[in-house]
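We name chains A, B, ... by the order of the sequence lines, and we start the count at 1 in each one.
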Number of protein chains: 2
Amino acid sequence: MTIPSIDRAILAALQENSRISNRELAARVGLAESTTHERVRRLVETGVITRFTAEVDPAALGRPMQALIAVQLRPQSAEVVTRFLDAVVDDPCVLDATVLSGETDVQLRVAVASSEEIRTFAWRKVTSVPSVRSIQTHIVYEHRRGPTLSATAE
Amino acid sequence: MTIPSIDRAILAALQENSRISNRELAARVGLAESTTHERVRRLVETGVITRFTAEVDPAALGRPMQALIAVQLRPQSAEVVTRFLDAVVDDPCVLDATVLSGETDVQLRVAVASSEEIRTFAWRKVTSVPSVRSIQTHIVYEHRRGPTLSATAE
DNA sequence: TGTGAAACGGATCAGCA
DNA sequence: TGCTGATCCGTTTCACA
């Protein structure tokens with residue numbers, strides 16, 4: 001299932017700005033509006049586009065500080081990992097969670113108002129889960145997005 | 001600079017789907033279209049909303065594998081970190097880069113077609129930068145988004 | 001800040017290549 | 001798959017509260 005070059009142009013434009021009008025999108029990729037509209041619909045339907053979203057600056061919402069929390073779990077089983085994720089991932093300060101190979105089983109990225117809040121979250125929500133063996137917290141100094149996601153050259 | 005509750009409703013709706021019409025957004029938050037439109041404009045202008053984007057599944061673009069690469073740099077200075085970021089962050093396989101406190105100075109998240117490509121990227125792009133002392137690569141088994149970003153309760 | 005209405009521009013659909 | 005064009009609907013702007 002390879003992505004045609006027109007769809008790649010559509011994806012690039014929508015990643016850059018998902019709120020452009022269908023008309024402008026059609027002009028950019030050089031197709032009629034109706035055709036463009038249909039292609040976008042299919043990209044969503046087939047799961048290539050997972051969602052349209054607004055990115056919000058956590059600092060503007062009163063969470064100027066971010067941290068990574070590396071978590072080691074005791075029995076390193078799929079079940080334990082899933083249970084742990086379910087216990088923490090819905091907390092409002094969690095930005096995302098990554099399940100990993102290696103020493104660290106799960107890495108959480110959190111956005112908080114203060115270092116106090118990191119401590120509260122770490123003790124109250126993370127180490128309180130019985131299967132958590134140990135954690136390490138690292139302050140995030142800076143976070144940069146990579147380039148727009150594009151299809152691999154072939 | 002605290003966020004009024006109407007704006008919080010707008011942010012929640014736009015994070016969930018940035019392509020809803022202004023009319024629907026207005027209906028959801030219970031304001032006139034013109035007012036809603038103006039509020040969204042201000043949220044963008046003041047930097048609360050950083051961009052509207054389409055999230056794309058890397059696997060659908062031929063990059064089914066993800067990894068985290070932890071990087072340790074030699075002189076741990078702001079300049080060295082910036083130079084390193086500039087050297088790697090625009091590579092198409094980079095999803096994002098995080099600058100950290102602690103042993104690891106920078107953590108890269110990459111999406112690739114195969115483990116071969118991770119190796120190529122690691123040797124060709126990362127360890128080839130002179131200030132890179134060492135790296136560790138970890139496979140990403142799963143990645144979960146946290147809840148919609150909302151303002152801290154006050 | 002908020003409203004409602006008019007002018008403008010975009011989305012959508014049927015019919016066709 | 002793709003285009004065209006008519007109709008319908010949403011957005012934007014404005015005078016006003």
Side-chain angles (χ1 to χ4, degrees), chain A residues 1-63 148-154, chain B residues 1-63 148-154:
Chain A
M1 193 188 108
T2 272
I3 308 269
S5 87
I6 299 252
D7 284 340
R8 295 207 229 123
I10 289 175
L11 291 173
L14 287 178
Q15 281 181 272
E16 201 222 308
N17 178 7
S18 63
R19 254 180 106 79
I20 56 172
S21 67
N22 184 63
R23 181 171 282 205
E24 192 183 327
L25 182 59
R28 281 214 214 172
V29 304
L31 284 182
E33 291 166 35
S34 50
T35 317
T36 309
H37 189 262
E38 172 63 14
R39 278 185 180 267
V40 172
R41 201 191 60 75
R42 288 193 75 84
L43 286 169
V44 172
E45 198 187 52
T46 57
V48 177
I49 294 175
T50 51
R51 67 166 183 173
F52 296 105
T53 191
E55 283 179 14
V56 172
D57 178 8
L61 296 183
R63 306 167 182 275
T148 285
L149 206 50
S150 58
T152 318
E154 8 211 328
Chain B
M1 194 189 107
T2 272
I3 308 269
S5 88
I6 299 251
D7 285 340
R8 293 206 230 124
I10 290 175
L11 290 174
L14 287 177
Q15 280 180 273
E16 201 222 307
N17 178 8
S18 63
R19 255 180 105 80
I20 56 172
S21 69
N22 184 63
R23 181 173 280 203
E24 192 183 327
L25 182 59
R28 280 214 214 172
V29 303
L31 285 180
E33 290 165 33
S34 49
T35 318
T36 309
H37 189 259
E38 172 64 14
R39 278 184 182 268
V40 173
R41 201 191 59 76
R42 289 195 73 84
L43 287 168
V44 172
E45 197 187 51
T46 58
V48 177
I49 294 174
T50 51
R51 68 167 185 170
F52 296 105
T53 191
E55 282 179 15
V56 171
D57 179 8
L61 295 183
R63 307 168 180 276
T148 284
L149 207 49
S150 59
T152 318
E154 9 209 328

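The CD atom of Glu24(B) sits 16 Å away from the P atom of dC9(D) (whole-angstrom rounding). Atom CD of Glu38(A) and atom P of dT4(D) are 17 Å apart (whole Å). Atom NE2 in His37(B) sits roughly 7 Å away from atom P in dT13(D) (whole-Å rounding). Counting to the nearest Å, the P atom of dC8(D) and the CG atom of Asn22(A) are 20 Å from each other. The CZ atom of Arg41(B) sits 17 Å away from the P atom of dT11(D) (whole-angstrom rounding).
Ala32(A) comes within 4.0 angstrom of a base, heavy atoms only.
Arg19(B) places a side-chain N or O within 3.5 Å of a backbone atom of Ser18(A) that can act as its donor or acceptor partner. With Thr50(A) contributing its side chain and Glu55(B) its backbone, the two residues share a donor-acceptor pair below 3.5 Å.
Across dG2(D), dT11(D), dT12(C), the shortest atom-to-atom separation from the side chain of Glu33(B) is found for dT11(D). For Arg23(A), whose side chain is taken as the heavy atoms from C-beta onward, the closest listed nucleotide among dG9(C), dG10(D), dT12(D) is dG9(C). In the set dG9(C), dT3(C), dT1(D), the nucleotide with an atom closest to the side chain of Arg39(A) is dT1(D). You'll find that the side chain of Leu31(B) is closest to dG2(C), out of dG9(C), dT1(D), dG2(C).
Dense packing is recorded around CZ of Arg41(B), with more than 12 heavy atoms of other residues, nucleotides or ligands lying under 6.0 Å away.
The CG atom of Leu31(A) lies 9.0 Å from the CG atom of Leu25(A); values are rounded to the nearest 0.5 Å.
At the phosphate of dT1(C), neither OP1 nor OP2 sits under 4.0 Å from any side-chain N or O atom of Thr35(B).
Along DNA chain C, the nucleotide nearest Ile6(B) and the nucleotide nearest Arg19(B) are compared for position; the residue whose nucleotide lies closer to the 5' end is Ile6(B).
Between the side chain of Ser34(B) and the base of dG4(C), a donor-acceptor pair under 3.5 Å is found.
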